[in-house]
Peer 1: 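Dropping the structure in here first, questions after.
Excluded from the calculations below are hydrogen atoms, water molecules and symmetry mates; all remaining heavy atoms, backbone and side chain alike, are included. Throughout, numbering of the chain's residues begins at 1 and tracks the sequence. If you're wondering where the values come from, they're calculated on a predicted model, not measured in any experiment.
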Amino acid sequence: MDVKDTGKPIVSNVYAYPIGKHSHINGSNKKQKLRLIPQKSGDYKLEDLKAFGTIGFAVETVDRQDMAANNNGVYTISTFYNGLPNFEIDFRRFSFAETKHLNRLIDYEHYKEHDERLQKLFIEKNNPLSLYNNAIDQGYLSIAAGTSAVYQVKICDFKGNETVIDINIQGDETVPLDVAEEIKTQYYIQHSESTDLAEGNVSVHFPKDTFYDSFYMYFSVRNDTLILHKPTLPVKKTFTISYDISQYAEADLKQLYIAELLGWNNFPSYSSTKRKGNTLYTRTKDLGTYVLARDTVAPTITPVNFKDGSWLSKYRFLKVKIDDDLTGVSNYRATVNGQWILMEYDYKEKTLTYDFNDGVVHDTKNKLKVIVTDHVGNSTTFESTFFRK
């Protein structure tokens with residue numbers, strides 16, 4: 001299938017990264033956003049930068065086809081250092097099993113904080129992706145004092161349209177004034193080893209190779225609130241969070257669940273919770289803040305295209321909307337005149353739909369009964385009568 005595409009890939013952002021505490025860019029040891037200067041040709045130049053030590057780059061880029069506004073990925077990204085090939089990302093093919101590691105391709109922390117996907121033009125340790133070719137020094141550049149260099153990025157789409165970014169780099173050993181703060185805590189996570197953390201009634205188990213890198217983790221428990229670092233770190237494997245609930249009354253245990261606090265308003269989002277004895281536990285791949293929460297509100301069931309006592313002779317479908325604000329719908333069951341019927345659940349629309357063509361309903365007067373249960377056992381029953389000829 002030949003799709004018309006005459007436009008060049010679009011570049012939104014370029015960032016430069018000092019690698020290690022002895023490297024710096026434009027007088028800073030922190031990641032730097034570089035100013036893009038569009039050219040008439042559709043290519044870009046960047047402001048000249050001063051750097052020293054080991055550095056790397058990342059770009060945010062998309063491609064669009066003619067007469068379509070949706071953003072697509074690009075086909076290849078190649079870099080050249082002083083005219084020589086330095087690094088290439090080729091998106092032609094990769095294993096489906098690698099998909100979970102794409103968080104290693106992008107600047108994951110930047111994505112979580114700014115919703116921008118910066119594709120790194122260097123390969124960090126423990127990156128299993130097979131997208132890379134011709135990676136000289138893993139894509140990193142070593143900038144010496146008093147040198148001048150030209151770094152070029154070429155971005156191609158599937159049709160061969162190419163966007164070029166030119167960057168001039170001056171080696172400058174001047175000691176930076178802006179130095180990234182090195183954060184240390186009492187909890188150092190060695191990525192190649194399993195780790196168990198515990199405080200109060202909360203424990204966390206990280207299997208071996210849960211993370212790509214070793215790092216200092218922030219771990220704190222206050223009452224039933226667990227602060228587990230920040231959700232800006234990519235996680236390779238599922239880890240386990242456990243709560244000892246032996247101090248709670250048995251009557252309260254049924255409605256307890258583990259929730260992750262999300263967004264500016266710390267909304268408690270249900271994390272699939274299981275119970276073993278006096279322990280509640282969840283398996284997750286998200287760092288962040290977790291709490292023990294209670295769900296006392298039953299699900300809601302609302303008829304969509306009928307009312308109690310309606311004649312539905314000309315209707316093919318019967319629909320009800322089901323919802324649960326806290327832990328979500330766990331299961332549902334529907335019957336007509338005591339006989340089970342198949343209702344299809346649309347997760348996005350939160351609707352259950354029954355097709356009368358299945359031949360189950362034969363009577364004129366019919367009693368519909370729908371039972372919906374959430375993940376902690378709260379249940380709602382909806383009953384209604386409808387008529388059909």
Peer 1: Show the nearest heavy-atom pair for residues Pro18 and Ser23, with the distance to one decimal.
Peer 2: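 Where Pro18 meets Ser23 most closely, the heavy atoms are CB-O, 3.6 Å.
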Peer 1: If a pair satisfies ring-ring contact (aromatic ring centres under 6.0 Å, His included) and one of its residues is in residues 147-179, list it, with sequence neighbours excluded.
Peer 2: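 The answer is Phe57-Tyr151, Tyr75-Phe158.
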Peer 1: Partners of Arg117 by side chain to side chain donor-acceptor pair (under 3.5 Å), sequence neighbours excluded?
Peer 2: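 For Arg117, the residues satisfying side chain to side chain donor-acceptor pair (under 3.5 Å) (neighbours in sequence not counted) are Tyr111.
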Peer 1: Are Phe87 and Tyr140 close enough that their ring centers fall under 6.0 Å?
Peer 2: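 No, ring centres 6.0 Å or more apart.
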Peer 1: Only pairs at least two apart or in different chains count here, so list each salt bridge (Lys or Arg N to Asp or Glu O under 4.0 Å) that has a residue in residues 122-134.
Peer 2: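 Counting only pairs at least two positions apart or across chains, the salt bridge (Lys or Arg N to Asp or Glu O under 4.0 Å) contacts touching residues 122-134 are Arg104-Glu124, Lys120-Glu124.
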Peer 1: Can you list every pair that meets side chain to side chain donor-acceptor pair (under 3.5 Å) and has a residue in residues 301-313, with sequence neighbours left out?
Peer 2: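 Pairs touching residues 301-313 that pass the test: Asp308-Ser384.
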Peer 1: Residues two or more places apart in sequence or in another chain: which of them pass side-chain contact (heavy atoms from CB on, under 4.5 Å) with Glu47?
Peer 2: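 Residues passing side-chain contact (heavy atoms from CB on, under 4.5 Å) with Glu47: Leu34, Arg35.
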Peer 1: Go through the structure and list residues passing side-chain contact (heavy atoms from CB on, under 4.5 Å) with Ser148, not counting sequence neighbours.
Peer 2: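 Partners of Ser148 under the side-chain contact (heavy atoms from CB on, under 4.5 Å) test: Gln170.
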Peer 1: Indicate yes or no: does Glu182 engage Lys30 in a salt bridge with an N to O separation below 4.0 Å.
Peer 2: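 A salt bridge is absent here (no side-chain N lies under 4.0 Å from a carboxylate O).
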Peer 1: For residues 216-231, tabulate all N or O donor-acceptor pairs below 3.5 Å that involve a side-chain atom, not counting sequence neighbours.
Peer 2:
| from | atom 1 | to | atom 2 | distance (Å) |
| --- | --- | --- | --- | --- |
| Asp224 | OD1 | Asn201 | ND2 | 3.0 |
| Asp224 | OD2 | Tyr248 | OH | 2.3 |
| His229 | ND1 | Tyr218 | N | 3.0 |

Peer 1: Count the heavy atoms belonging to other residues, nucleotides or ligands that lie under 6.0 Å from NZ of Lys21, then report whether that count exceeds 12.
Peer 2: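 No, because the 6.0 Å sphere around NZ of Lys21 holds 12 heavy atoms or fewer from other groups.
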Peer 1: Tell me every residue that passes side-chain contact (heavy atoms from CB on, under 4.5 Å) with Ser194, counting only those two or more places apart in sequence or in another chain.
Peer 2: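 Residues passing side-chain contact (heavy atoms from CB on, under 4.5 Å) with Ser194: His205.
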Peer 1: Going by the side chain to side chain donor-acceptor pair (under 3.5 Å) test, name the single residue among Asp43, Asp157, Asp63, Thr163 that passes it with Lys8.
Peer 2: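 Checked Asp43, Asp157, Asp63, Thr163 against Lys8; only one passes side chain to side chain donor-acceptor pair (under 3.5 Å): Asp43.
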Peer 1: Going by side-chain heavy atoms closer than 4.5 Å, which hydrophobic residues are tied to Leu368, directly or by a chain of links?
Peer 2: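 Cluster partners of Leu368: Ile301, Phe306, Leu312, Tyr315, Leu318, Val320, Ile322, Val329, Tyr332, Val336, Ile341, Met343, Tyr345, Tyr347, Leu352, Tyr354, Phe356, Val360, Val361, Val370, Val372, Phe382, Phe386.
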Peer 1: Evaluate the side chain to side chain donor-acceptor pair (under 3.5 Å) criterion for residues Asp166 and Asn168: first the C-alpha distance (whole Å), next the side-chain angles of each, then the deciding distance (0.1 Å), finally the verdict.
Peer 2: CA-CA 7 Å; Asp166 288 314; Asn168 293 319; over 6 Å; no
Peer 1: Can you list every pair that meets ring-ring contact (aromatic ring centres under 6.0 Å, His included) and has a residue in residues 3-29, with sequence neighbours left out?
Peer 2: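 Qualifying pairs, neighbours excluded: Tyr15-His110, Tyr17-Phe122, His24-Phe52.
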Peer 1: Among residues two or more places apart or on two chains, list those pairs meeting ring-ring contact (aromatic ring centres under 6.0 Å, His included) that have a residue in residues 274-298.
Peer 2: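 As it turns out, there is no ring-ring contact (aromatic ring centres under 6.0 Å, His included) pair with a partner in residues 274-298 once direct neighbours are skipped.
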Peer 1: Please write out which residues are connected to Leu177 in a hydrophobic cluster, directly or through intermediates, given that two of Ile, Leu, Val, Met, Phe, Trp, Tyr count as joined at side-chain heavy-atom separations below 4.5 angstrom.
Peer 2: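 Reading the cluster by chain and number, Leu177 sits alone, since nothing else belongs.
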